[in-house]
Amino acid sequence: MAENTSVVSNFIQNEINDDLKNGYYPEGVHTRFPPEPNGYLHIGHAKSICLNFGLAKNNGGICNLRFDDTNPVKEDVEYVDSIQEDIKWLGFSWDDRMFFASDYFGKLYDYAVELIKKGLAYVDDLTAEEIRSYRGTLTEPGKESPYRNRSVEENLELFQKMKAGEFGDGEKVLRAKIDMSAPNIVMRDPVIYRIAHVSHHRTGDEWCIYPMYDFAHPLSDAIEEITHSVCTLEFEDHRPFYDWLLEALGFKVGARPRQIEFARLNLTNTVTSKRKLRQLVEEGYVSGWDDPRMPTISGLRRRGYTPNSLRTFCEEIGVAKANSLVDVAMLEHCVRDDLNKNADRIMAVLHPLKVVITNYPEGQKEFMVADNNPNTSAHRYVPFSRELYIEQEDFMEDAPKKFFRLKPEGEVRLKHGYIIKCEEVIKDEAGNVVELHCTYDPESKTGGATANRKVKGTIHWVSAEDAIEAEVRLYDYLIETDENGEVPADFLAAVNKQSLEVVEHALIEPSASFTAVGTHYQFLRTGYFVVDKDTTSEKLVFNRVVGLKDSWAKAKKG
RNA sequence: AGGGGUAUCGCCAAGUUGGUAAGGCACUGGAUUCUGAAUCCAGCAUUCGUAGGUUCGAGUCCUGCUACCCCUGCCA
């Protein structure tokens, strides 16, 4: 679990403090994360997960996992497992408190009956279209249904028959009886139960009536003795009904859950709506829900984001009620920060250029001591030989003055190795540089007489005969956004066609040959990478999590 | 006859009883460096959507205005 030393205050915590000060919720803070099992979790859910579990933890309380499965036509068990896996992976535990709103269907039914008995709910025969037109508009009040004043007895009987399956889908609904002229449309007699002869992924065919979110959610919260029911801003208009329902059923302020809304996460270069994500998958823009370019938790995981980096991110962006758009650079900063501390370094050449050290004895090999991470003493041995590969980018024939790497007649340090000098540039007929002949300074290795000689640059390399091949997948933003970071309405037109670049034959130093899927590395000077699940015994596959910050690239542009 | 929200640096975001604008990201210098990374140090809102008002003093209180977001599913 992350140790977040800086507990950033947020308005929800302030509300909790006030409640506690008022003597409310003596049992302690109790939150819940309530996903609907109808899709994969994404970075926006991560914010909610961190918030709900975090609020509980920071206040010595607990957080439940509750599947909000009140609409069987949309939901499926398929998602239940992936959701649990994602939450656990993020580092949170609901212990033995995994619930389903469907667990409460019986109790919910009883509450509905109680509401009817209090004259606060009625069975309506209006069709869906009629209900819509009776509802009025944003600026005009609605009008009452002709069935609104049925007797309690009749309502009770009808509702019982609804439950018994005596009516078809859509024939009748149960509605709360509030106020058809309320300025808040949610309060214009909201539907609380509908008929759907559909089997539910958990309750099967036990029920043919299902409660609506507005009815089920507050009561599920109350049943679980949730104290703070945190949700997103679009539910703000529903809060009056949340409170109305609980009040009507006898739950008192200070002892009943309270809904608090916060602004959902928006990220530049990212889409998070379920519809859009589904479209990306179904129309083949990506390879699946866990494509490393997807903002799903499973995509981020495969991309190489760490749980810790995601938690830190959620902590750092804060929680507020203002709609905002967070720069994806913030997310990237969080993984870099984590991986900088924790990932071992290795050398990998993505676009190889052969280098022959002409004064290095043929057939000779030595093993250079290389630290795995500058912050630790762990090290490995990297083979060095007469023929090497360096990065094509690290050589330039007509180099500008500020270019600190290899150039004709120039010197560079080979990381963990010797200082070499470029003596000759070999080209093919087309004039492309295909090989470099260099000489090395035998005393320039660590501990050698000239080891402290200053050379401008240090570059990475691999030994030609020892390097192993790997496939390396380089990712860029899936969605291109405008200068404000906004995703255009036609987001499919903004899909970045170059968001995946596959380097088929990268060369990696041999120490990485037996590495497990999910292992992180920093490829020295190029970025952070993770071993992808497509790796086989024949072929290593790496995903680039994120590049290193690159002030040289920046300088070139400017 | 509409209702509900939100406005503090390029981006997030603290700022609870009015007392003289935290922090992070990004960016810019400079130091350091066998990763042009990391690290370090420095800089980065005389101003809090806007116009007034109250006050010795207002981001915080009052009034008016403006902009943006959400709401008319038997979705959540």
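Residue numbering restarts at 1 for every chain, and letters A, B, ... go by the order of the sequence lines.
- At least one side-chain nitrogen or oxygen of A/Lys454 sits closer than 4.0 Å to the OP1 or OP2 atom of B/rC34.
- Not a single donor-acceptor pair, N or O on each side, falls under 3.5 Å between the base of B/rU72 and the side chain of A/Arg132.
- Judged by distance alone, with hydrogens and angles left aside, A/Glu140 brings no side-chain donor or acceptor close enough to the base of B/rU72 to form a pair under 3.5 Å.
- Residue A/Trp552 and nucleotide B/rG36 are classified as a stacked aromatic pair, their ring centres being separated by less than 5.5 Å at an interplanar angle below 30°.
- B/rA76 is unpaired under the criterion used here, namely a Watson-Crick or G-U wobble arrangement in which both key atom distances are under 3.5 Å.
- Residue A/Lys445 places no side-chain N or O under 4.0 Å from the OP1 or OP2 atom of B/rC34.
- Residues A/Tyr528 and A/Asn340 meet the side-chain proximity criterion, which asks for heavy atoms closer than 4.5 Å.
- A distance of about 39 Å separates the P atoms of B/rA58 and B/rC71, rounded to the whole Å.
- Among the heavy atoms of the strands lying under 4.0 Å from A/Lys402 is at least one base atom, whether or not backbone atoms are also near.
- Rounded to whole Å, the C1' atom of B/rG3 lies 27 Å from the corresponding atom of B/rU8.
- When the P atom of B/rU39 is taken as reference, atom CZ of A/Arg336 falls 11 Å away, rounded to whole Å.
- Comparing B/rU28 with B/rC70, their C1' atoms are spaced 39 Å from each other, to the whole Å.
- In this structure, A/Leu325 places its CG atom 17 Å from C1' of B/rC9, rounding to the nearest Å.
- Rounded to an integer number of Å, the gap from A/Asn10 CG to B/rG23 P is 19 Å.
- Within the 4.0 Å cut-off from OP1 or OP2 of B/rG2, not a single side-chain nitrogen or oxygen of A/Thr137 is found.
- The distance between atom CZ of A/Phe11 and atom P of B/rG5, rounded to the nearest whole Å, is 12 Å.
- How far OG1 of A/Thr70 is from OH of A/Tyr104: 13.0 Å, rounded to the nearest 0.5 Å.
- Partner assigned to B/rG64 is B/rU50, using Watson-Crick or G-U wobble distances below 3.5 angstrom.
- Taking only side-chain nitrogens and oxygens, A/Lys549 comes nearer than 4.0 Å to OP1 or OP2 of B/rC27.
- Phosphate proximity of B/rC27 to A/Lys554: present, with a side-chain N or O under 4.0 Å from OP1 or OP2.
- Here A/Arg188 does not reach the OP1 or OP2 of B/rU72: none of its side-chain N or O atoms lies under 4.0 Å away.
- Classified by interplanar angle (parallel below 30°, tilted 30° to 60°, perpendicular above 60°), the ring pair A/Tyr213/A/His238 is perpendicular.
- Ring centers of A/Tyr242 and A/Phe235: at least 6.0 Å apart, outside the cut-off.
- No donor-acceptor contact under 3.5 Å links the side chain of A/Arg194 to the base of B/rC74.
- One finds a side-chain N or O of A/Arg135 lying less than 4.0 angstrom from the OP1 or OP2 phosphate oxygen of B/rG73.
- For A/Arg405 against B/rG36, a side-chain N or O and a base N or O form a donor-acceptor pair under 3.5 Å.
- We find that CG of A/Asp327 is positioned 9 Å from C1' of B/rC12, with the value rounded to whole Å.
- Nucleic acid contact class of A/Gln522 (heavy atoms, under 4.0 Å, all strands): base.
- Annotation: B/rA14 and B/rU39 have their P atoms spaced 25 Å apart (nearest Å).
- Put simply, the residue from A/Ile43, A/Asp338, A/Asn308 that forms a side-chain contact (heavy atoms from CB on, under 4.5 Å) with A/Phe313 is A/Ile43.
- For A/His333 and B/rA38, the NE2 to P distance is 9 Å, given to the nearest whole Å.
- The interatomic distance linking A/Met187 (CE) with B/rG4 (C1') rounds to 13 Å, in whole Å.
- The separation of B/rG30 from B/rC44, taken at their C1' atoms, amounts to 15 Å, rounded to a whole angstrom.
- Using N1 to N3 plus N6-O4 or O6-N4 for Watson-Crick, or N1-O2 and O6-N3 for G-U wobble, each under 3.5 Å, B/rC11 pairs with B/rG24.
- Nucleotides B/rG43 and B/rA67 have their C1' atoms positioned 32 Å apart, rounded to a whole Å.
- Glycosidic conformation of B/rG73 is syn; the angle stays within 90° of 0.
- Aromatic ring pairs are classed by plane angle as parallel below 30°, tilted from 30° to 60° and perpendicular above 60°; the pair A/Phe529 and A/Phe523 is parallel.
- Proximity of A/Ser181 to the phosphate of B/rA1: no side-chain N or O atom is located under 4.0 Å from OP1 or OP2.
- The pairing partner recorded for B/rG59 is none, the criterion being a Watson-Crick or G-U wobble arrangement whose two distances lie under 3.5 angstrom.
- Within the 3.5 Å criterion, the main-chain N or O of A/Val186 finds no donor-acceptor partner in the side chain of A/Asp237.
- Side-chain N/O atoms of A/Asn14 include one lying less than 4.0 angstrom from OP1 or OP2 on B/rG15.
- Spacing of C1' atoms, B/rU63 relative to B/rC41, comes out at 48 Å, to the nearest Å.
- Using bins of under 30°, 30° to 60° and over 60° for the plane-to-plane angle, the ring pair A/His42/A/His45 lands in the tilted bin.
- With both pairing distances under 3.5 Å, B/rU39 is matched to B/rA31 as a Watson-Crick or G-U wobble pair.
- Under 3.5 Å, the side chain of A/Asn184 and the base of B/rG4 form no donor-acceptor pair of N or O atoms.
- Side-chain atoms of A/Ser324 stay outside donor-acceptor range of the base of B/rC12, with no qualifying N/O pair under 3.5 Å.
- Mapped onto RNA chain B by nearest heavy atom, A/Arg239 and A/Gly447 fall at different nucleotides, with A/Arg239 at the one closer to the 5' end.
- A close approach under 4.0 Å does occur between a side-chain nitrogen or oxygen of A/Ser9 and OP1 or OP2 of B/rG15.
- Only the C1' atoms considered, B/rC12 is 27 Å distant from B/rG18, to the nearest whole Å.
- The distance between atom CG of A/Asn38 and atom P of B/rC75, rounded to the nearest whole Å, is 13 Å.
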